[in-house]
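Below: one structure, written as structure tokens.
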Amino acid sequence: MTYETIRVEIEEGIATITLNRPEVLNALNSQVFNELAAAAKNLGEDEGVRGVILTGGEKVFAAGADIKQMASLNAVEVVKSIRPSRIAFNLIENLQKPVISAIAGYALGGGCELSLTTDVRIAADNAQFGLPEIKLGILPGGGGTQRLPRLIGAGKAKELIFSGDIINAEEALRIGLVNKVVSADQLMAEAKKMAKKFISKGAIALQLAKSCINEGLQVDLETGLQYEHKCFALLFATEDQKEGMQAFLEKRKPNFQGR
Ligand code: CO8
């Protein structure tokens with residue numbers, strides 16, 4: 001599959017999706033959303049891919065949805081234009097593999113919201129985050145009002161969304177928006193290191209753990225616990241569970257096969 005606004009490279013079981021509209025700071029238009037959705041679908045189906053890194057490259061993650069494309073839309077057209085972003089964001093969030101964002105430079109508006117669909121965010125020390133939509137007379141319509149408070153709590157999310165302020169990587173780390181801050185030249189190496197660590201584990205256990213967390217965030221505690229217990233029991237039907245526990249008892253490293 002050829003893409004124009006993103007690049008996809010696969011190496012050692014890890015796919016890297018790079019947003020590729022540098023002339024507009026990787027602003028997200030409908031073509032980007034459609035291509036991200038196609039890539040997520042393809043990578044989800046590719047058994048050779050066990051983990052995904054999403055990045056904007058060395059200079060910028062994404063400066064938000066494409067304001068030029070949005071500016072003259074009416075409400076009906078906006079509803080239509082939001083659909084591809086929702087499809088892409090949901091596909092990425094629900095990929096049954098770990099997804100890590102590697103963020104350098106600006107991650108604003110829809111760019112920040114895109115990073116919220118991934119499991120883990122690693123920031124370069126030059127990264128800057130914000131939801132500046134309020135300054136455009138709109139609100140974060142790419143999941144920001146929903147995913148951000150679930151991640152960092154309602155108070156901090158409201159402060160960011162109501163002010164439109166941009167925060168640096170250290171502040172993003174302090175409030176739990178990112179998992180880790182590294183020097184800019186180490187960003188991709190660090191993301192790959194983390195991806196390798198994740199994919200060395202039992203793939204089905206990781207997939208079900210991700211599902212328990214994602215589903216659990218949307219339901220009441222008791223329903224979430226019941227789902228977790230079922231997934232826990234289900235893992236005892238896998239070879240990976242036998243291997244993992246046998247390896248522990250034999251004091252050796254497990255050799256997981258994802259079965
Ligand atoms: N959309 C379109 N073009 C953009 C965007 C954008 N979001 N951001 C930057 N660009 C373009 C600029 O217009 C400029 O193009 P040109 O050279 O043709 O004038 C080029 O990128 C470089 O940008 P700047 O010259 O502005 O670069 P600076 O380094 O001076 O400033 C900033 C960088 C601070 C990031 C500045 O570009 C900026 O403020 N950008 C807009 C940030 C913003 O408001 N983002 C939120 C957008 S709204 C949104 O994301 C809603 C999400 C809803 C999701 C659902 C979608 C359907």
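Here the structure is a predicted model, which means the values were calculated and not measured.
Not one N or O on the side chain of Asp46 forms a donor-acceptor pair closer than 3.5 Å with the backbone of Asn42. Distance alone, capped at 3.5 Å, is enough to place a donor-acceptor pair between the Lys201 side chain and the Lys197 backbone. Here the side chain of Arg83 pairs no donor or acceptor atom with the backbone of Val79 at under 3.5 angstrom. With hydrogens and angles ignored, the 3.5 Å screen pairs no side-chain donor or acceptor of Arg121 with any backbone N or O of Ala102. The backbone N or O of Leu43 sits less than 3.5 Å from a side-chain atom of Lys97, completing a donor-acceptor pair. Listed for the Glu113 side chain is a donor-acceptor partner under 3.5 Å among the backbone atoms of Gly142. Side-chain atoms of Asn26 never come within 3.5 Å of backbone atoms of Ala63 as a donor-acceptor pair (strictly under, hydrogens ignored). Not a single donor-acceptor pair under 3.5 Å links the side chain of Asp66 to the backbone N or O of Leu28.
Ionic pairing of Glu12 and Lys192 is not present here: no N-O contact between side-chain nitrogen and carboxylate oxygen is shorter than 4.0 angstrom. With respect to Lys80 and Glu77, no salt bridge is recorded, no charged nitrogen being found less than 4.0 Å from a carboxylate O. A salt bridge links Glu45 with Lys41; the closest basic N to acidic carboxylate O contact falls under 4.0 Å.
Side-chain atoms of Thr5 and Glu35 include a donor-acceptor pair closer than 3.5 Å. Between the side chains of Thr18 and Asn20, no donor-acceptor pair is found at a separation under 3.5 Å. For the residue pair Ser101 and Ser115, no side-chain donor N or O sits within less than 3.5 Å of a side-chain acceptor on the partner. With no hydrogens or angles considered, a side-chain donor-acceptor pair links Gln69 and Ser30 at under 3.5 Å. In the model, Gln257 has a side-chain atom that pairs as donor or acceptor with a side-chain atom of Asn255 under 3.5 Å.
Exactly one of Leu173, Asn126, Asn168, Ile103 qualifies for a side chain to side chain contact (heavy atoms under 4.5 Å, CB included) with Val181. That residue is Leu173.
Side-chain contact between Gln31 and Arg21 is absent, with no heavy atoms from C-beta onward closer than 4.5 Å. Annotation: side chain of Met70 is not in contact with side chain of Val78 (no heavy-atom distance under 4.5 Å). In this structure the side chain of Leu108 reaches within 4.5 angstrom of the side chain of Ile166, judged on heavy atoms. Contact of the Lys193 side chain with the Glu190 side chain is registered, since non-hydrogen atoms from C-beta on lie closer than 4.5 Å. A heavy-atom distance below 4.5 Å is not found between the side chains of Thr118 and Ile53.
Pairing each heavy atom of Pro132 with each of Gly109, the nearest pair is CD-N, 3.4 Å. Taking every heavy atom of both residues into account, Leu177 and Leu151 meet most closely at O-CD2, 3.9 Å. Scanning both residues, Gly244 and Pro254, for their nearest heavy atoms gives CA-CB, 4.1 Å. Between Val99 and Leu95, the shortest heavy-atom distance links the atoms CG2-CD1, 3.8 Å. Across all non-hydrogen atoms, the minimal contact from Cys112 to Gly130 is CB-O, 3.7 Å. The two residues Ala169 and Ala123 make their nearest non-hydrogen contact at CB-CB, 4.2 Å.
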*Check step by step if side chain to side chain contact (heavy atoms under 4.5 Å, CB included) holds for Asp240 and Leu235.*
CA-CA 8 Å; Asp240 280 355; Leu235 286 169; over 6 Å; no

*Take Phe33 and Ile87 through the test side chain to side chain contact (heavy atoms under 4.5 Å, CB included) and record every step on the way to the result.*
CA-CA 8 Å; Phe33 292 130; Ile87 293 170; over 6 Å; no

*Apply side chain to side chain contact (heavy atoms under 4.5 Å, CB included) to the pair Thr145 and Leu148, showing each step before the final yes or no.*
CA-CA 6 Å; Thr145 66; Leu148 190 63; over 6 Å; no

_Run Ile122 and Ile100 through side chain to side chain contact (heavy atoms under 4.5 Å, CB included) and show every step you take._
CA-CA 7 Å; Ile122 302 180; Ile100 299 169; 4.0 Å; yes

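Legend: salt bridge (charged side-chain N to carboxylate O under 4.0 Å, His left out) pairs involving residues 207-230, not counting sequence neighbours, sorted by first then second residue: Asp119-Lys210.
Taking the side chain to side chain donor-acceptor pair (under 3.5 Å) definition, one finds that Glu159 meets it with Lys156, sequence neighbours left out. Applying the ring-ring contact (aromatic ring centres under 6.0 Å, His included) rule to Tyr227 yields no partners; only residues at least two apart in sequence or on another chain are considered.
Between Phe129 and Tyr106, the ring center distance fails the sub-6.0 Å criterion.
If you take OG1 on Thr55 and CD1 on Ile6, they are separated by 12.5 Å, rounding to the nearest 0.5 Å.
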